[in-house]
Amino acid sequence: MAPPKNPPARGRALTRSFFDRSVHTVAPDLIGATFLVDGVGGVIVEVEAYHHTEPAAHSYGGRTPRNAVMFGPAGYVYVYRSYGIHWCVNFVCEQAGSASAVLIRAIEPRYGLAAMRRRRGLAADVALCSGPGKLCEALAITDKLNGAALDRAPIRLLAREQEPDIVCGVRIGITKAAELPWRYGLKGSRFLSKPFRD
DNA sequence: AGAGAGATGATCT
DNA sequence: GATCATCTCTCTA
């Protein structure tokens with residue numbers, strides 16, 4: 001028997017103007033949105049905000065070849081290599097030059113589950129996209145996607161259709177400015193990279 | 001459940 | 001030469 005087909009992703013596509021706002025507004029607004037690359041992906045359940053005025057941001061020290069996309073206009077993807085092994089994906093926010101971005105940290109897998117399981121070498125759906133490096137592997141995101149527009153193929157980004165319950169906490173996995181409460185998550189989600197502490 | 005270590009490479013000092 | 005917005009494995013409990 002054939003595996004069940006995924007239902008089509010629904011929702012209004014987010015335009016670039018969605019991202020042309022404060023990173024602290026965009027970050028929580030992304031919780032519940034659907035993020036797909038070549039039709040594979042799911043619902044964003046965890047993000048973190050980064051801004052160049054704060055030392056954990058890659059843009060903190062000014063523009064370099066690596067972070068150049070962060071200094072461009074909002075609505076584009078910034079991809080970087082993490083620990084020499086993983087890729088991590090960000091959405092650039094605010095006006096060009098503000099060098100702020102939202103790190104996508106976890107997704108609830110919904111579309112293209114077979115592809116994600118194959119790429120991750122895993123059967124447990126709960127661990128497919130529960131971390132920034134994991135979700136890039138599951139969605140096949142590499143530096144080839146660096147600078148890609150969020151409103152064009154192969155990316156699809158669909159607005160949430162219901163207002164989610166959002167939790168907030170300190171950012172994790174960083175050593176600088178680790179006390180800033182700029183991590184946002186979908187309350188009660190099983191697909192987070194780590195639970196939120198209250 | 002939590003701690004520790006190794007993998008692995010671009011970027012920065 | 002050290003750092004790093006990570007992941008997976010192994011060890012101890």
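Just so it is clear: chains get the letters A, B, ... in the order the sequence lines come, proteins before strands, and each one is counted from 1. Computed from a predicted model, the values in this text were never measured in an experiment.
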Next on the checklist: Please report the distance, rounded to the nearest Å, between CH2 in A/W87 and C1' in B/dT11.
Outcome noted: 13 Å
Checklist entry - So which one's nearest nucleotide on DNA chain C is more toward 5', A/G84 or A/L135? => result A/G84
Checklist outcome for this item: The nucleotide from B/dT11, B/dA7, C/dA5 with an atom nearest the side chain of A/I85 is B/dA7
Item to check | side-chain N/O A/T175 vs C/dT3 OP1/OP2, d < 4.0 Å | outcome: no
Next on the checklist: Would you say A/T53 and A/H51 are linked by a side-chain donor-acceptor pair, where the criterion is simply a distance under 3.5 Å?
Outcome noted: yes
Checklist entry - Within this structure, what is the OH-to-P distance between A/Y80 and C/dC4, rounded to whole angstrom? => result 12 Å
Checklist entry - Under 4.0 Å between a side-chain N or O of A/T64 and OP1 or OP2 of B/dC12? => result yes
Item to check | Pair A/R120 + A/E137, salt bridge at N-O below 4.0 Å | outcome: yes
Checklist entry - Which class fits the ring pair A/F71 and A/H52: parallel under 30°, tilted 30 to 60°, perpendicular over 60°? => result tilted
Checklist entry - Got a sec, which pairs hit side chain to side chain donor-acceptor pair (under 3.5 Å) with one end in residues 30-39 of chain A, sequence neighbours left out? => result none
Item to check | A/K176 side chain, from C-beta outward: closest of C/dA5, C/dC4, C/dC7 | outcome: C/dC4
Checklist entry - A/R183 side chain N/O closer than 4.0 Å to the phosphate oxygens (OP1, OP2) of C/dA5? => result no
Checklist entry - Hey, does the side chain of A/R120 come within less than 4.0 Å of C/dT8's phosphate (OP1/OP2), counting only N and O? => result yes
Next on the checklist: Only Watson-Crick and G-U wobble pairs with both distances less than 3.5 Å should count. Give DNA chain B in dot-bracket notation, marking inter-strand partners with |.
Outcome noted: |||||||.||||.
Item to check | Side-chain-base donor-acceptor pair under 3.5 Å for A/Y83 and B/dA7 | outcome: no
Checklist entry - Within this structure, what is the CD1-to-C1' distance between A/I104 and C/dT6, rounded to whole angstrom? => result 16 Å
Item to check | Matching residue for A/V89 among A/I141, A/V102, A/V37 - test: side chain to side chain contact (heavy atoms under 4.5 Å, CB included) | outcome: A/I141
